[in-house]
S.K.: 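This is the structure I have questions about; it appears just below.
Each chain gets a letter, A, B and so on, in the order the sequences are listed, and its residues count up from 1. Side chains are part of it too, since the values below use all heavy atoms of this structure and drop only hydrogens, waters and symmetry mates.
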Amino acid sequence: MEFAELIKTPRVDNVVLHRPFYPAVEGTLCLTGHHLILSSRQDNTEELWLLHSNIDSIEKRFVGSLGTIIIKCKDLRIIQLDIPGMEECLNIASSIEALSTLDSITLMYPFFYRPMFEVVEDGWHMFLPEKEFELFSSVTNEWRLSYVNKDFTVCPSYPPIVTVPNCIDDEALKKVATFRHGGRFPVLSYYHKKNGMVMIRSSQPLTGTNGRRCKEDEKLINATLRAGKRGYIIDTRSLNVAQQARAKGGGFEQEAHYPQWRRIHKSIDRYHILQESLIKLVEACNDQSHNMDRWLSKLEASNWLTHIKEILTTACLAAQCIDREGASVLIHGTEGTDSTLQVTSLAQIILEPKCRTIRGFEALVEREWLQAGHPFQQRCAQSAYSNSKQKWEAPVFFLFLDCVWQILRQFPCSFEFNEHFLILLFEHSYASQFGTFLGNNESERCKLKLQQKTMSLWSWVNQPSELSKFINPLFEANSLVIWPSVAPQSLQLWEGVFLRWNRSSKYLDEAYEEMINIIEYNKELQAKVNTLRRQLAELETEDGMQESP
Amino acid sequence: MEHIRTTKVEQVKLLDRFSTSNKSLTGTLYLTATHLLFIDSLQKETWILHHHIAAVEKLALTTSGCPLVIQCKNFRIVHFIVPRERDCHDIYNSLLQLSRQAKYEDLYAFSYNPKQNESERVQGWQLIDLTEEYRRMGIPSLSWQLSDANRDYKICETYPRDLYVPKTANKPIIVGSSKFRSKGRFPVLSYYHQDKEAAICRCSQPLSGFSARCLEDEHMLQAISKANPSNRYMYVMDTRPKLNAMANRAAGKGYENEDNYSNIRFQFVGIENIHVMRSSLQKLLEVNGTRALSVNDFFSGLESSGWLRHIKAVLDAAVFLAKAIVVESASVLVHCSDGWDRTSQVCSLGALLLDSYYRTIKGFMVLIEKDWISFGHKFSDRCGHLDGDPKEVSPVFTQFLECVWHLTEQFPQAFEYNEVFLLQIHEHVHSCQFGNFLGNCQKEREDLKLKEKTYSLWPFLLDDQEKYLNPLYCPSSQKFTVLEPNTVPFNFKFWRNMYHQFDRTMHPRQSVFKLIMNMNDQNKQLEKEIKELESKIKHQKNRQTDTVLNKESLRSIHSDSPALKPSLCFKKEQTLLPGNDAIRTIEGSNTADNRYSEYAEEFSKTEPAVVSLEYGVARMTC
């Protein structure tokens with residue numbers, strides 16, 4: 001298929017663009033295979049380049065022959081184009097609609113994007129499982145890398161290499177895979193170096209109504225326990241939901257078969273509940289005509305912060321079991337690809353200082369989201385303005401980023417990255433020129449040959465010039481576990497994302513600049529004092545030597 | 001002291017207000033003439049001023065003892081368990097007496113004795129000079145003058161002696177107008193905008209009933225509008241909801257009839273009365289005090305309390321006022337019923353938006369002294385300083401501080417002072433430790449001889465001003481840099497640092513603000529050190545030049561010695577400033593504080609009260 005077929009009118013003059021906080025711009029609108037471009041052809045005016053894949057929905061309106069297209073983006077921005085001529089407007093609208101909903105992944109922009117920068121470090125090879133394994137294999141030999149899934153036959157949504165207990169062989173793993181939903185057998189998620197406790201994750205066991213059991217499964221997860229110690233299973237579903245899952249062949253670990261484990265049920269919502277929550281929240285934020293009561297009731301009704309609280313609480317509970325109780329933890333929900341990953345990744349942010357650095361966070365996203373098989377393609381197909389009631393879309397990763405932001409706000413000096421880094425990841429998970437978030441799992445990414453055909457987001461972000469934008473000037477490495485408060489009074493609306501297009505942040509940005517100035521000035525002064533002290537000391541010694549020949 | 005029967009009780013438990021597992025600290029409770037003091041087993045002290053106590057409650061006896069809940073005006077809530085009921089009863093009775101004094105003379109301010117001598121004390125009271133403040137605004141001027149009509153508080157008891165009125169408003173007009181205004185509070189100048197030649201005036205409601213009019217009052221308003229050459233129209237802002245104002249007509253009060261006054265534009269603003277505000281705050285505190293509060297209950301409580309709606313209404317009114325002056329150069333007359341609650345809020349916030357002086361530490365003191373203290377906001381009644389009518393108590397001033405806080409959030413660089421300053425003022429408005437806020441009007445304060453018998457708060461705040469400085473403050477080059485806040489509802493947030501100021505676990509564990517503040521201090525020290533080092537180096541160099549000249553012959557002997565130097569001097573770099581590490585100390589965070597799970601009590605190990613470094617927490621501070 002040629003993009004040209006979809007573009008009926010590639011160019012329209014005298015189009016007026018309205019964006020929040022900018023004066024209206026008149027210029028020429030161009031449509032390319034992947035971008036909507038508006039250029040005023042005046043030297044100093046910025047052009048608008050919008051990826052078609054960033055477009056969530058469009059609306060058309062006509063007043064006489066003047067058409068208006070309202071474009072709602074996945075990054076929550078809303079822009080308006082006034083297009084003279086009804087035919088042009090209709091053509092543009094239908095082209096945008098077609099181009100923003102391409103079926104084939106291989107037609108997406110990352111396959112066409114040619115980077116204008118030199119790749120110093122290839123992001124596709126930065127976070128290899130072998131390297132991650134080396135980080136703790138020096139302190140323990142209880143774990144090994146297994147290549148049992150190298151052709152993705154044992155578990156289609158797992159990566160080719162996983163970390164499992166040393167004493168469990170690949171044959172056993174294959175058996176366990178048949179007992180777990182989607183073949184997602186328990187694998188290592190995190191090793192807590194401080195006390196050797198671990199966090200493992202999986203999908204639900206397929207116990208069904210007749211209480212099926214699997215000896216290998218029991219053996220596998222018991223292998224993660226210390227002698228005489230109990231472990232915790234955190235099921236991210238309520239007991240009710242977990243019980244209902246048995247009717248469909250799923251289920252949960254029975255006490256009788258897992259006597260060394262104590263099961264705790266939490267209830268983290270999934271799928272359309274989250275998607276609706278996002279839609280409601282964004283709608284509330286975008287309507288400035290609300291009075292106070294309406295705003296507060298809409299904020300409440302969206303339930304967004306309730307989800308945040310629930311996810312954070314569960315992650316804290318997992319971290320608490322590991323760090324305070326000295327117990328190992330198994331985490332799963334149904335598929336083990338959504339709420340499970342929210343919990344395992346957030347628990348690591350709380351426990352592991354390395355995850356709060358830029359590199360460490362990238363590695364965490366790579367390990368616990370991309371390789372762990374979170375279906376980005378499905379979940380991020382649409383954002384807050386979607387009309388389609390598809391079952392698969394859900395802001396699962398978005399919620400995770402919001403939770404990280406909440407912790408970042410409570411520990412503003414403990415993270416190497418700033419809020420902008422989280423916003424960047426939010427944007428790129430929905431629409432990007434990079435291949436990182438394409439596909440639903442490693443198997444799909446392999447088939448798409450993303451490594452060969454597209455550029456990794458990390459290759460771009462980790463260039464020093466880009467990285468500097470995401471550095472938190474207040475960062476001071478903090479080797480401690482950080483326990484966030486989950487009281488409703490401590491949680492806040494992520495204004496940097498939800499109010500980003502609804503109010504000017506001029507004064508806040510200026511204050512941030514001033515803060516950076518103070519920090520920079522401090523560094524400068526410290527350096528100067530050091531130099532002067534050295535100089536003085538030299539002079540004094542020199543002097544002393546001259547005095548006492 | 002006659003109220004104190006038990007001065008010391010041991011083995012008292014202090015419960016964690018939000019803990020679901022009845023976590024507590026054990027310690028000793030002391031009762032002094034002025035404070036309740038609890039010292040826990042870790043020697044941490046909790047001081048509660050008797051005057052800060054809003055309510056004491058004795059709950060039903062439990063197996064572990066008798067619970068005593070104390071709610072404070074600064075939003076601290078403590079929950080003690082006293083082992084013996086008798087002790088609990090004694091303390092309860094003592095606190096009831098001590099927290100509700102009948103006479104001003106029994107308040108702390110009359111016995112408080114800081115280390116200040118008499119002349120310092122007198123000077124302290126002279127720190128804020130309102131005559132000077134009007135002079136700063138350019139008053140007296142061609143069209144405004146000082147009136148001596150109220151010299152002896154004869155016309156209006158609740159106004160100050162010195163009042164500024166239009167030059168054309170003669171004594172008969174003033175007297176006539178005051179008779180037509182509730183409590184005699186006739187229109188007077190609150191703020192003058194030199195640039196726009198427009199004035200903010202304030203008064204109480206007119207006694208218009210359904211049809212009454214008063215020519216002198218009409219002349220008064222005319223005089224005010226004529227004093228402004230830029231705009232012949234003036235606004236009259238009635239800050240009440242229209243319905244309330246109309247209801248007042250039946251009682252012979254009411255609002256201005258536009259037909260009787262030439263050139264006025266009448267406007268209702270719709271701020272609710274003190275009773276609505278009191279119950280709104282009560283509701284808010286109730287919701288937020290709930291254990292294991294859910295997000296939904298928090299937001300629906302925030303909504304149903306109406307608190308943020310009221311805050312927005314006050315700020316909206318101030319924005320309206322500031323716009324009238326800046327955009328239309330129109331003078332504005334503000335009133336409510338008596339003109340001492342909503343009127344004070346709106347006039348002072350309006351001026352704060354208009355004039356950057358009020359965004360400095362000293363200027364903010366002046367603003368409070370002018371629009372609140374001198375114009376007779378009834379601090380003692382509203383804060384319940386004495387045992388009185390609980391229906392008179394209302395968080396009007398707290399709302400003012402919260403509005404200012406919201407402005408500091410939107411304009412982080414526009415204010416010289418920080419949040420701590422606002423909290424500290426709030427603390428002392430209720431503490432009765434200083435004389436400033438005692439009494440309900442200037443006359444009452446003079447009768448109490450507060451300036452002779454008590455100390456003023458302002459010099460103490462000014463001495464400590466380092467603590468109250470906003471490190472990001474960027475003084476505006478112009479006096480009239482107008483703040484134009486965005487009052488869309490999503491800009492209003494719950495003020496956690498006020499209403500949960502003592503609930504440490506709810507706050508961020510690292511404070512950017514503190515860090516930047518310390519860094520600013522450190523920068524100043526470093527600048528100083530650089531100067532010292534530079535002068536030392538210069539001195540040293542001069543000396544050496546001299547030595548070189550004198551000892552020219554010796555020089556050659558040491559020509560190869562410099563190689564030794566580096567090893568000697570690099571050692572000196574190790575420490576720069578002792579404060580360097582302290583800046584970044586992480587404050588306490590603890591799993592138990594956060595109530596992640598109801599399973600917590602099942603977990604075998606108990607939480608150490610102070611968590612060791614290894615467990616992820618450096619230092620717990622209060």
S.K.: Against chain B, label A:N517 side chain, backbone, both or neither, depending on which of its atoms sit under 4.5 Å from a heavy atom there.
M.R.: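 Neither part, no heavy atoms under 4.5 Å.
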S.K.: Could you tell me which portion of A:L536 (side chain, backbone, both or neither) has an atom closer than 4.5 angstrom to a non-hydrogen atom of chain B?
M.R.: both
S.K.: For A:Q492, is it the side chain, the backbone, both, or neither that has a heavy atom closer than 4.5 Å to a heavy atom of chain B?
M.R.: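 Just its side chain gets close to chain B.
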S.K.: Calculate, to the nearest 0.5 Å, the distance between atoms CZ and CG belonging to B:F490 and A:L499 respectively.
M.R.: 5.0 Å
S.K.: Are there more than 12 heavy atoms of other residues, nucleotides or ligands under 6.0 Å from atom OH of A:Y512?
M.R.: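 Atom OH in A:Y512 is packed in, count exceeds 12.
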S.K.: Is any side-chain heavy atom of A:Q489 closer than 4.5 Å to one of B:Y499?
M.R.: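 SC-SC contact between B:Y499 and A:Q489 ruled out.
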S.K.: Chain A heavy atoms under 4.5 Å from B:R496: which part of the residue, side chain, backbone, both or neither?
M.R.: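 Answer is side chain: those atoms of B:R496 sit under 4.5 Å from chain A.
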S.K.: Sort out for me which of B:N523, B:N520, B:V512 touches chain A most, counting heavy-atom pairs under 4.5 Å.
M.R.: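 Looking at each option in turn, the highest pair count goes to B:N523.
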S.K.: Give me the atom names and distance for the closest heavy-atom approach of B:M506 to A:S490.
M.R.: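 Heavy atoms of B:M506 and A:S490 come nearest at O-OG, 2.8 Å.
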S.K.: Heavy atoms only, distances under 4.5 angstrom: which of A:T531, A:D293, A:L296 has the most pairs with chain B? Name it, please.
M.R.: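 Heavy-atom pair counts peak at A:D293.
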S.K.: Above 12 or not: heavy atoms from other molecules or residues under 6.0 Å from CD of B:E484?
M.R.: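 Atom CD in B:E484 is not crowded, with 12 or fewer foreign heavy atoms closer than 6.0 Å.
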S.K.: Please find the pair of heavy atoms, one from B:I537 and one from A:L532, that lie closest to each other, and give the distance.
M.R.: CD1-O, 3.5 Å
S.K.: Just how far is it from atom CZ of B:F298 to atom NZ of A:K309, taken to the nearest 0.5 Å?
M.R.: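 Going from CZ on B:F298 over to NZ on A:K309, the span is 11.0 Å.
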S.K.: Taking all atoms of both residues into account, what is the closest heavy-atom pair of A:L508 and B:P412, and its distance?
M.R.: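 Distance-wise, the nearest heavy atoms are CD2-CG, 3.7 Å.
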S.K.: For the atom pair CE (A:M292) and OG1 (B:T487), what is the distance rounded to the nearest 0.5 Å?
M.R.: 8.5 Å
S.K.: CD of A:Q526 to CD of B:Q522: how many Å apart, nearest 0.5 Å?
M.R.: 5.0 Å
S.K.: Quick one: of A:R409, A:E524, A:E514, who has the most non-hydrogen atom pairs under 4.5 Å with chain B?
M.R.: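 That would be A:E514.
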S.K.: Would you check, one step at a time, whether the test salt bridge (charged side-chain N to carboxylate O under 4.0 Å, His left out) holds for A:E540 with B:K536?
M.R.: CA-CA 10 Å; A:E540 276 169 358; B:K536 272 188 201 162; over 6 Å; no
S.K.: For the residue pair B:Q540 and A:Q535, establish whether any side-chain heavy-atom pair is separated by less than 4.5 Å.
M.R.: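 The answer is no; the side chains never approach within 4.5 Å.
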S.K.: Non-hydrogen atoms of chain B under 4.5 Å away: do they reach the side chain of A:E310, the backbone, both or neither?
M.R.: neither
S.K.: Measuring heavy-atom distances to chain A, does B:D503 have an atom under 4.5 Å in its side chain, in its backbone, in both, or in neither?
M.R.: neither
S.K.: Where do A:C413 and B:Q510 come nearest, in terms of heavy atoms and distance?
M.R.: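 Looking at all heavy atoms of both residues, the closest pair is N-OE1, 2.9 Å.
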S.K.: Is chain A contacted by the side chain of B:S300, its backbone, both, or neither, given a heavy-atom distance below 4.5 Å?
M.R.: both
S.K.: Considering only heavy atoms and a distance below 4.5 Å, find which of B:Q410, B:Q413, B:E527, B:K541 pairs most often with chain A.
M.R.: B:Q413
S.K.: Working to the nearest 0.5 Å, report the span between OG of A:S485 and NE2 of B:H507.
M.R.: 9.5 Å
S.K.: Only pairs of heavy atoms separated by less than 4.5 Å count here; which of B:K312, B:E409, B:H500 has the most with chain A?
M.R.: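 Highest number of pairs under 4.5 Å: B:H500.
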S.K.: Strictly less than 4.5 Å between heavy atoms, which residues of residues 301-308 of chain A line up against chain B? Please order them by number.
M.R.: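 Within residues 301-308 of chain A, the residues under 4.5 Å from chain B are A:N303, A:L305, A:T306.
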S.K.: Could you state the interatomic distance from CD1 (A:I519) to CE (B:M519), rounded to the nearest 0.5 Å?
M.R.: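 Answer for the CD1-CE pair, A:I519 versus B:M519, is 5.5 Å.
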